[in-house]
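Note sheet for the following structure.
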Amino acid sequence: MTLMNGDGEHKHEADVETKQNGHDAGEPTEDGNEQEVIVIQDTGFSVKIQVPGLEMFTIQVSPQEMVQEIHQVLMDREDTCHRTCFSLQLDGNVLDNFAELKTIEGFQEGSVLKVVEEPYTVREARIHVRHIRDLLKSLDPSDAFNGVECNSLSFLSVFSDGDLGDSGRKKKKGADIEQIDCTPPENILPGSKERPLCPLQPQNKDWRPLQCLKVLTMSGWNPPPGNRKMHGDLMYIYVITMEDRHVSITASTRGFYLNQSTAYSFNPKPANPSFLSHSLVELLNQVSPTFKKNFAALQKKRVQRHPFERIATPFQLYSWTAPLVEHVMDCVRAEDAYTSRLGYEEHIPGQTRDWNEELQTTRELPRKNLPERLLRERAIFKVHSDFAAAATRGAMAVIDGNVMAINPSEETKMQMFIWNNIFFSLGFDVRDHYKDFGGDSAAYVSPTNDLNGVRTYNAVDIEGLYTLGTVVVDYRGYRVTAQSIIPGILEREQEQSVIYGSIDFGKTVVSHPKYLELLEKTSRPLKIQKHKVLNDKDEEVELCSSVECKGIIGNDGRHYILDLLRTFPPDLNFLPIEGEEMPEDCKKMGFPKEHRHKLCCLRQELVDAFVEHRYLLFMKMAAMQLMQQKPSVQENAGALENGSSPSEACNKDEQAEAAKSEDNSESIDDPEAKLRELEESIEAHNETVDAKSREVIRKACESVCSISDTSFDIRFNPDIFSPGVRFPESTQAEVQVQKLLLKDAAAFVLTCQIPGLIKDCLEHNIVPMDGATMTDAMHQRGINMRYLGKVIDIVNKFPIPPQIDHVHRILVSEVITRSAKHIFKTYLQGVELSGLSAAISHFLNCFLSSFPNSVAHLPTDELVSKKKNKKRKNRNLSSVDNTAWAGVTPQELWKSICSEAKAYYDFTLECENVDQAVETYNIQKISLLREICVKVGIQILLKEYNFDSKHKPTFTEEDILNIFPVVKHVNPKATDAFHFFQSGQAKVQQGFLKDGCELINESLNLYNNVYGAMHVEICACLRLLARLNYIMGDYSEALINQQKAVIMSERILSVEHPSTIHEYVNLALYCFANNQLSTALNLLYRGRYLLLLVYGEGHPDMSLLDSNIGLVLHGVMEYDLSLRFLENALTINTKYHGSKSLKVALSHHLVARVYETKGEFRSALQHEKEGYTIYKNQLGEQHEKTKESSDYLKYLTQQAVALQRTMNEIYKNGSNANIMPLKFTAPSMSSVLDQLNIINGILFIPLSHRDLEHLRAEVQRRHLLQESIKIAENQEGKVQETKEQEEPQTSTTTNETPETQNSA
């Protein structure tokens, strides 16, 4: 099952439980959940807060909150934000920070909490200074550009002018239309060739932050000498105010005061006056008037920003472009750089965190009911995101050479590191461990395979089985694996600790009963077969995983499994085995192929899809055979009803019905339901099942290679075809079946999944926009990226190429950028730190610039002393020659890219340089630049680049600002929230909008409980909620939810991610409905700009954008502009949907409407006729669409005739003609909104009550047979964005069920 956000890699814990090998073991009942949910929603109440020097105010709290959360609220409020060191007291008793409010005696509605200033300690003083610095920098985006502290960018407020929240008050009246400036920027007009980069990150006016101080830094006099410590001095701070006054400040236990020290003489006595204040802000307010004014203004602005713009994201997002930000003095940043601070260690007792203990204890938390599960999932998620952040920092420190190795005497590639309780190893083949598997290539891919294994076992979540925290970081061309450390593993040799599995790829193998028992529980959801292998003494050893999977019992007594790189079965298309014949389908397509390494595995999505496919086959076969035994079917029904529980037996009449209507395909459900029962009865060794039925099931099982004779159960043996693994004679038959199964799975990728992917693209069920969305689409169908070349081949063979033009273009640019990434990786390994920016700019020039002889600038000589280098040679990770990179030429690089594309993806690129590639495959350079930067973590300067100059290179050293890590990690899931979300989706699809809305709201609550406020899944939740609000007529609520979704998408996925573009379009629609026309236009222009940057002109989604822009412009009477966009949309729709499609008919109608309002009736008639013809041919004369079109044609004809008469009259009688007034009407806003709704797939269909009942029955019936397949599709297609514009009425009703309810 794939998740909403295209995050198909992470299987959902609960799916794995409910999906019993391909068919559902019954949905979890909703009632159970609803009972539990009530526990969370305790009603909040309000309490009064009394702060020294301020009037009393009230805040809302909820009984679940901790006292600490009130602290946070006060530290964020505009008037109390400068306080950090205080306690809260109720009736004179100090409240414990970690107590939940509901546990505090006497704490109720209307209680008064007193804020009491507490004495400082060094720790508290540091926290205070850090907090003040954060307040001063709160509007400064440099942390987001630098990719630190989980900050990221959002630009929505630039385009909405902060209008959105005030939608109720600032409604624009019709009279204001004239004032709206609707001219789009030149570069986004259809046909424009310019692709500027600067508008990607427009300069926000809030970013020129009001400067409050020139310098705030730690004084050089720290730490205080002993005699001053005895006076309560904690530390000294040095400040230069805007008035250029230099002051020294003492932080003491009582607060902050001015002392008499200067930069060169130490005099810690209080100055006169000393301005002793409990908070640094109060002190500075007295010292500097500018500070007082600007700090107040800054806090006002900070509080006005949308909260989602300021909340930290759970994982760091890096931006691939950034403007030049001036580097200013920052004491906190400077201090962080030189202490080993990670996250928030200094707030945690014991300094460094024991990551392993934290990761494992959170897994051990109880999970019996909903509140417990929420608490557990929240803890797991929090520790994981902290661990990922720490591991990323550590990996960068390792590669930058800032961490001492634990085996410093060994060669650099073999070194391992421990830092902050995390173990780091490099992705090289150490000690020929992977010699038989492809050496360094295998060592490079094994960490990601291992991570996928960890992800999967985590999702199954078996109690008592533990995995390591794992993060894979690619940085500066190296791959680093970061893992948490098993207690005790470093004290003993690996041979002694491994008690299950093999440390030498299957020569010596050991097993352990406890591990077998634990792994057995995972074998059904993961479809892994328990099997026997031979060890070096020819003894049989039983395993329930691949041999590489090692079991180690830590000193903490926990059972750990590690090295999960072969959790999934091998992919035989890329593993040629001597003497093994591949199926015909594979051979026809040129498989098997040699790959760089022998660790190619099938993806989990593929295994699931394959089993699902087999299950349908199994059902069909068994159903056919059962139907041939009509009489026994009848007896069976009786037998079942007597012999099995009432819930198992199905309705006798249904079965009789099934037997009768053998040729009526509708009834295939019924034998299938009966089949399930047969399976269950046989499983339960039920005596009453007759021999014939047993035989039917046995045959069906055999035909699909099920490992059981009595029920459908497909599992894979991950050790088949593993070099060095031997199987006992006794299991040879089983091994043969397994080999056959693997070959079938390999063929299944080629015959079902890839054609299925392309069919989905043809039907526009998926519309990839860039490399990442294409990759997601492939991964969700279980297709690995190494199949790229094959996918392109199959796309090329399709009969209607123009319709999947966009897919071809994205696939080819993906091959180019991925091949370039492979080359860049090895290229960077040879570069030392001082040459990084020169090397990267040189590589980008060779890759993208038309300048034929790009020359690299070597770092200047005066810094590179020859002597020093010799000593340091062996210390550096790089190869001996540090300047080889400078010799690369554009011709060589493109030659390498072509040979890499051939070798890795088996695709022949027909180009020798970037300009030929652009020409041949219609790719744009700016999109290639974006793809390569995002893939390898380059950050470049935000400016306009000239790629096509033949006289100078595009990039200089100064253009390369930074190099970031690319991080892969586990994404823990919120299972209960996900289930609510799914039930909500299902309800919406059945047309119960109200119920659906409640469930989605509930899931939003649960998501917030687990993930905090920012997460991709919350984004999906908000988007659906906004859509439902809109359909149910609550436009302003839709606007508020969609605004959150846009900001969240910008901050979590990235400013120009395809999802963000879709969110912008939705928001524009809701703005228009709220009468915010200029905002709607700005948002659509932004969407169009981003799509042009990411893909270019002519993407299928561009027609949607252009239709939206055209309609809004039509509404504000900008007819000529409107036509440009609508005619472009018409062209694109005709290209992708064929000239006979209903989308094209709608496009013709929209264009005709604009011509009509311009008074050009001839053109209007011509377009409307085209539309009418399509409606008539597709839907027939009687369809309402055809009739509407025909009426409109009549109206246009009358208008045209009237116009002609008037013209004739004028010609005949000159100026004294008697002219009838002609009606040129500006379109009404409501008619524009109706058209907008139609093109955005929001249809309100009037249905009678009977139709609705039929519809529901139909939906229910479809739901049953293919539940599991449906869920995966829903996630992608219908619910996420019903982007279908218009289809024949029949399909509209089923596709658009969400919208049927409210007019019924």
Show the nearest heavy-atom pair for residues [X] and [Y], with the distance to one decimal.
{"X": "Pro323", "Y": "Leu941", "value": "C-CD1, 4.0 Å"}
{"X": "Phe955", "Y": "Asn845", "value": "N-OD1, 2.7 Å"}
{"X": "Phe424", "Y": "Ala395", "value": "CE2-N, 3.4 Å"}
{"X": "Asn449", "Y": "Cys601", "value": "ND2-SG, 4.0 Å"}
{"X": "Leu135", "Y": "Ser138", "value": "O-OG, 2.9 Å"}
{"X": "Ile418", "Y": "Leu490", "value": "CD1-CD1, 3.5 Å"}

Keeping [X] on the side-chain end and [Y] on the backbone end, is there a donor-acceptor pair under 3.5 Å?
{"X": "Tyr318", "Y": "Gly937", "result": "no"}
{"X": "Asp354", "Y": "Glu357", "result": "yes"}
{"X": "Asn421", "Y": "Trp355", "result": "no"}
{"X": "His842", "Y": "Val888", "result": "yes"}
{"X": "Asp450", "Y": "Ser446", "result": "no"}
{"X": "Lys550", "Y": "Glu548", "result": "yes"}
{"X": "Asp556", "Y": "Arg558", "result": "yes"}
{"X": "Ser152", "Y": "Arg1051", "result": "yes"}
{"X": "Tyr515", "Y": "Ile552", "result": "yes"}
{"X": "Ser484", "Y": "Gly469", "result": "yes"}

Arg353/Asp386 ion pair, N-O < 4.0 Å
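Counted as a salt bridge, because a side-chain N and a carboxylate O are separated by less than 4.0 Å.
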
Glu900/Lys825 ion pair, N-O < 4.0 Å:
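The answer is no: the pair does not qualify as a salt bridge.
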
For the rings on His595 and Tyr904, is their centre-to-centre separation under 6.0 Å?
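Yes, close enough.
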
Determine, step by step, whether His131 and Thr84 satisfy the side-chain hydrogen bond (donor to acceptor under 3.5 Å, both in side chains) criterion, reporting the C-alpha distance in whole Å, the side-chain angles of both residues, the deciding distance to 0.1 Å, and the verdict.
CA-CA 8 Å; His131 180 65; Thr84 60; over 6 Å; no

For [X], check side-chain contact (heavy atoms from CB on, under 4.5 Å) against everything at least two apart and list the hits.
{"X": "Ala442", "value": "Tyr434, Phe437, His597, Leu599"}
{"X": "Asn151", "value": "Asp143, Ala144, Glu149"}
{"X": "Ser142", "value": "Lys137, Asp140, Asn146, Val325"}
{"X": "Asn407", "value": "Ala405, Glu410, Gln415, Met416"}

Only one of Tyr236, Phe266, Tyr238, Tyr264 clears ring-ring contact (aromatic ring centres under 6.0 Å, His included) with Trp221; which?
Phe266

Just do the side chain to side chain contact (heavy atoms under 4.5 Å, CB included) check on Leu828 and Thr826 with the steps written out, would you?
CA-CA 5 Å; Leu828 260 201; Thr826 35; over 6 Å; no

All N/O donor-acceptor pairs, side-chain side in residues 959-966, below 3.5 Å, sequence neighbours left out:
| residue | atom | partner | partner atom | Å |
| --- | --- | --- | --- | --- |
| Asp959 | OD1 | Lys943 | NZ | 3.1 |
| Asp959 | OD2 | Lys943 | NZ | 3.4 |
| Asp959 | OD2 | Thr956 | N | 2.9 |
| Asp959 | OD2 | Thr956 | OG1 | 3.4 |

Within-4.5 Å side-chain heavy-atom neighbours: Ile938 and Trp320:
no

Side chain to side chain contact (heavy atoms under 4.5 Å, CB included) between Val398 and Tyr475, worked out:
CA-CA 10 Å; Val398 163; Tyr475 177 61; over 6 Å; no

Indicate the ring-plane relationship of Phe843 and Tyr827, choosing parallel, tilted or perpendicular according to the 30° and 60° boundaries.
tilted

Is there a side-chain hydrogen bond (donor to acceptor under 3.5 Å, both in side chains) between Asn452 and Arg455 once you walk through the steps?
CA-CA 5 Å; Asn452 287 335; Arg455 194 176 276 148; 2.8 Å; yes

Quickly, which of Gln360, Glu364, His559 forms a side chain to side chain donor-acceptor pair (under 3.5 Å) with Tyr466? Name it, please.
Glu364

Give a yes/no verdict on a cation-pi contact between Lys973 and Phe381, requiring under 6.0 Å between NZ or CZ and the six-membered ring centre and an angle within 45° of the axis.
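No - Lys973 does not lie over the ring of Phe381 by the 6.0 Å and 45° rule.
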
Side chain to side chain contact (heavy atoms under 4.5 Å, CB included) evaluation trace for Ile561 with Cys549:
CA-CA 7 Å; Ile561 50 170; Cys549 170; 4.2 Å; yes

Verdict with supporting geometry, Asp429 and Lys413, salt bridge (charged side-chain N to carboxylate O under 4.0 Å, His left out)
CA-CA 8 Å; Asp429 184 11; Lys413 286 187 174 184; over 6 Å; no

Tell me, with the steps shown, if Ser1054 and Leu317 meet side chain to side chain contact (heavy atoms under 4.5 Å, CB included).
CA-CA 7 Å; Ser1054 88; Leu317 176 77; 4.2 Å; yes

What do the steps show when you test Thr467 against Asn458 for side-chain hydrogen bond (donor to acceptor under 3.5 Å, both in side chains), and what is the final call?
CA-CA 7 Å; Thr467 55; Asn458 277 354; 2.7 Å; yes

With Thr392, which residues qualify under side-chain hydrogen bond (donor to acceptor under 3.5 Å, both in side chains), at least two apart?
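For Thr392 there are no side-chain hydrogen bond (donor to acceptor under 3.5 Å, both in side chains) partners, ignoring immediate neighbours.
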
